[in-house]
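Here is the structure we will look at, set down as structure tokens.
Small disclaimer: the values here were computed from a predicted structure and weren't measured. What's counted below: heavy atoms across the whole structure, side chains too, no hydrogens, waters or symmetry copies. Every chain is numbered from 1 and lettered A, B, ... according to where its sequence line falls, protein lines coming before strand lines.
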Protein chains: 2
Amino acid sequence: MSRRPPIPFPTVKRLSLYLREVDRLQARGDTRVSSRQLGAALGLNDTQIRKDLSLFGQFGQAGIGYLLAPLGERLREILGKDRIWRTAVVGAGRLGQAIISYGPFAREGFQITAVFDADPDLVGKTVEGQVILPLDQLEEVISARQILLGIVSVPQEAAQEVADRLVDAGVLGLLNFAPTRLDVTDRASVASVDFSSRLERLAFQVSVGLKGTIDAEE
Amino acid sequence: MSRRPPIPFPTVKRLSLYLREVDRLQARGDTRVSSRQLGAALGLNDTQIRKDLSLFGQFGQAGIGYLLAPLGERLREILGKDRIWRTAVVGAGRLGQAIISYGPFAREGFQITAVFDADPDLVGKTVEGQVILPLDQLEEVISARQILLGIVSVPQEAAQEVADRLVDAGVLGLLNFAPTRLDVTDRASVASVDFSSRLERLAFQVSVGLKGTIDAEE
DNA sequence: CGTTGTGAAATGATTCACAGCT
DNA sequence: AGCTGTGAATCATTTCACAACG
């Protein structure tokens with residue numbers, strides 16, 4: 001395995017956008033794409049795209065562009081989407097249910113394999129074919145079903161405790177929907193989806209009169 | 001009005017976190033906070049916090065720190081949270097409903113003032129006291145109710161059209177939940193919340209074995 | 001020609017180091 | 001002593017400019 005420079009964090013953000021656009025173009029029947037074209041679709045500079053891709057070796061063709069099929073395959077591999085990620089959702093309120101039934105997740109290799117909630121009224125109900133389990137079965141089920149990712153969709157007050165329990169149970173990555181920072185020291189990876197902060201930033205942008213898609217994705 | 005340097009984009013992200021923590025400390029009964037303490041709570045360097053805040057004038061006290069009350073007030077003002085933002089939600093499926101009933105929004109000055117959906121089975125139903133309206137009333141209602149922000153929670157295929165209609169109707173900012181880039185040229189601001197991309201990046205982080213809260217928010 | 005891949009330059013953001021206030 | 005505010009230094013990321021290729 002050859003030594004590689006670390007992947008810049010902003011690059012990772014973009015790879016996932018590249019893959020989405022590559023899939024879209026392929027679905028449309030295209031067979032290749034240039035960095036310029038990809039950039040135009042995503043609002044990015046074309047050099048940026050070439051730099052990003054070149055981090056993983058040379059797989060474009062001068063004068064031609066990139067072939068969609070191998071490009072998509074390589075991106076999937078890089079992003080770890082060439083396998084199934086067994087995932088638990090903790091918190092089956094409205095948000096949790098929306099997440100569980102969110103189309104794109106299921107289609108992309110993220111397999112919801114367990115759902116938990118603290119509310120006895122929810123436990124036992126079924127969402128998208130998943131029976132909601134009580135919180136106290138968390139450790140046992142995570143471990144038995146070899147679940148690697150956890151989605152935290154509980155209220156803010158409960159988020160840190162749920163995170164601790166998930167990590168203790170062996171989960172390696174957390175997707176956090178609660179508006180708070182989760183401290184997992186260095187035992188897992190955490191990514192957050194923070195509606196409030198996002199909306200707040202939007203309000204700021206509007207206040208200062210900033211126009212356009214500021215946010216070439218997040 | 002004095003000329004100011006433009007606010008770095010990453011700073012805006014952080015301001016919103018500062019405000020959240022300031023509110024939390026105040027609710028706890030504290031009356032002041034140092035940049036060091038704030039940094040520890042949010043996983044940030046203390047200089048960073050002072051730099052960010054100093055962009056808006058000097059309002060700390062050497063030897064003491066920052067007084068929470070004026071700091072919170074100032075942050076609210078900067079972020080545009082010192083007023084009510086009338087907001088429409090387009091797309092009242094599970095995700096839209098979760099957003100509408102998402103506690104933090106309501107509490108923070110974002111007032112959901114209209115809800116639309118294309119599905120005739122949903123139109124007429126009530127979510128959190130809001131009657132779901134048919135899409136063809138969008139322009140009329142946005143304008144009559146003087147709505148400034150739009151939340152797009154429709155499927156990807158419909159997102160761009162909804163965005164166009166919202167912007168045409170006079171909305172100044174869009175919060176986009178669809179996994180696609182919205183093109184509004186320079187007629188409005190757009191911020192995106194992209195679950196899939198986020199989860200994908202988490203999978204990548206786990207794949208490469210990166211640990212910790214990589215992502216000091218967003 | 002159009003397009004990739006990449007060193008070099010430019011830009012942007014973070015952190016250091018420290019003067020100065022309480 | 002504890003803390004803010006900030007110029008200067010460092011570090012990271014983006015963009016430019018261009019050689020090489022099909």
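- Here A:Arg187 pairs with A:Asp168 in a salt bridge; the nearest charged N to carboxylate O distance falls below 4.0 Å.
- Using a 4.0 Å cut-off between charged side-chain N and carboxylate O, A:Arg107 and A:Asp23 make no salt bridge.
- Under 4.0 angstrom from either OP1 or OP2 of D:dC16 there lies at least one side-chain N or O belonging to A:Asn45.
- Using a cut-off of 4.0 Å between Lys/Arg side-chain N and Asp/Glu carboxylate O, A:Arg50 and A:Asp46 are scored as salt-bridged.
- C:dT4 atom C1' lies 13 Å from atom CG of A:Leu71, rounded to whole Å.
- Residue B:Leu79 comes nearest to B:Ser16 through the heavy atom pair CD1-CA, 3.8 Å, listed as atom of the first residue, atom of the second, then distance.
- C:dG12 atom P lies 15 Å from atom CG of B:Leu55, rounded to whole Å.
- C:dG12 atom P lies 17 Å from atom CG of B:Asp52, rounded to whole Å.
- Side-chain contact between A:Phe116 and A:Val141: present, with at least one pair of heavy atoms (C-beta onward) separated by less than 4.5 Å.
- A salt bridge is absent between B:Asp82 and B:Arg76: the closest approach of a Lys/Arg side-chain nitrogen to an acidic carboxylate oxygen does not fall below 4.0 angstrom.
- Counting to the nearest Å, the C1' atom of C:dT4 and the OH atom of A:Tyr18 are 14 Å from each other.
- If you measure from atom CZ of A:Phe56 to atom P of C:dT6, you get 14 Å, rounded to the nearest angstrom.
- Using a 4.0 Å cut-off between charged side-chain N and carboxylate O, A:Arg181 and B:Glu21 make no salt bridge.
- Of the charged side-chain nitrogens involved, none lies within less than 4.0 Å of a carboxylate oxygen, so that A:Asp194 and B:Arg198 do not count as a salt-bridged pair.
- Computed from coordinates, the B:Lys13 NZ to C:dT14 P distance equals 9 Å when rounded to whole Å.
- Taking five base pairs at each end of the helix from C:dC1-D:dG22 to C:dT22-D:dA1, the local helix axes there meet at an angle of 0°, rounded to 10°.
- Protein atom CZ of A:Phe9 is 14 Å distant from nucleotide atom P of C:dT14, rounded to whole Å.
- Look at B:Gln48 and you won't find any side-chain N or O under 4.0 angstrom from OP1 or OP2 of C:dA13.
- Counting to the nearest Å, the P atom of C:dG5 and the CG atom of A:Leu38 are 13 Å from each other.
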I'd like a table of atom pairs between the protein and nucleotides 1-8 of chain D - only N or O on both sides, under 3.5 Å - with the distance next to each one.
unit_1: D:dG2; atom_1: N2; unit_2: B:Gly63; atom_2: N; d: 2.9
unit_1: D:dC3; atom_1: O2; unit_2: B:Gly63; atom_2: N; d: 3.4
unit_1: D:dT4; atom_1: OP1; unit_2: B:Ser35; atom_2: N; d: 2.9
unit_1: D:dT4; atom_1: OP2; unit_2: B:Ser35; atom_2: OG; d: 2.7
unit_1: D:dG5; atom_1: OP1; unit_2: B:Phe59; atom_2: N; d: 3.2
unit_1: D:dG5; atom_1: OP1; unit_2: B:Gly60; atom_2: N; d: 3.0
unit_1: D:dG5; atom_1: OP2; unit_2: B:Tyr66; atom_2: OH; d: 2.8
unit_1: D:dG5; atom_1: O3'; unit_2: B:Gln58; atom_2: NE2; d: 3.3
unit_1: D:dG5; atom_1: N7; unit_2: B:Arg50; atom_2: NE; d: 2.7
unit_1: D:dG5; atom_1: O6; unit_2: B:Arg50; atom_2: NH2; d: 2.9
unit_1: D:dT6; atom_1: OP1; unit_2: B:Gln58; atom_2: NE2; d: 2.9
unit_1: D:dG7; atom_1: O6; unit_2: B:Lys51; atom_2: NZ; d: 2.9
unit_1: D:dA8; atom_1: N6; unit_2: B:Lys51; atom_2: NZ; d: 3.4

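- Nearest heavy atom pair, residue B:Gln156 against residue B:Thr180, reads CG-CB, 3.7 Å.
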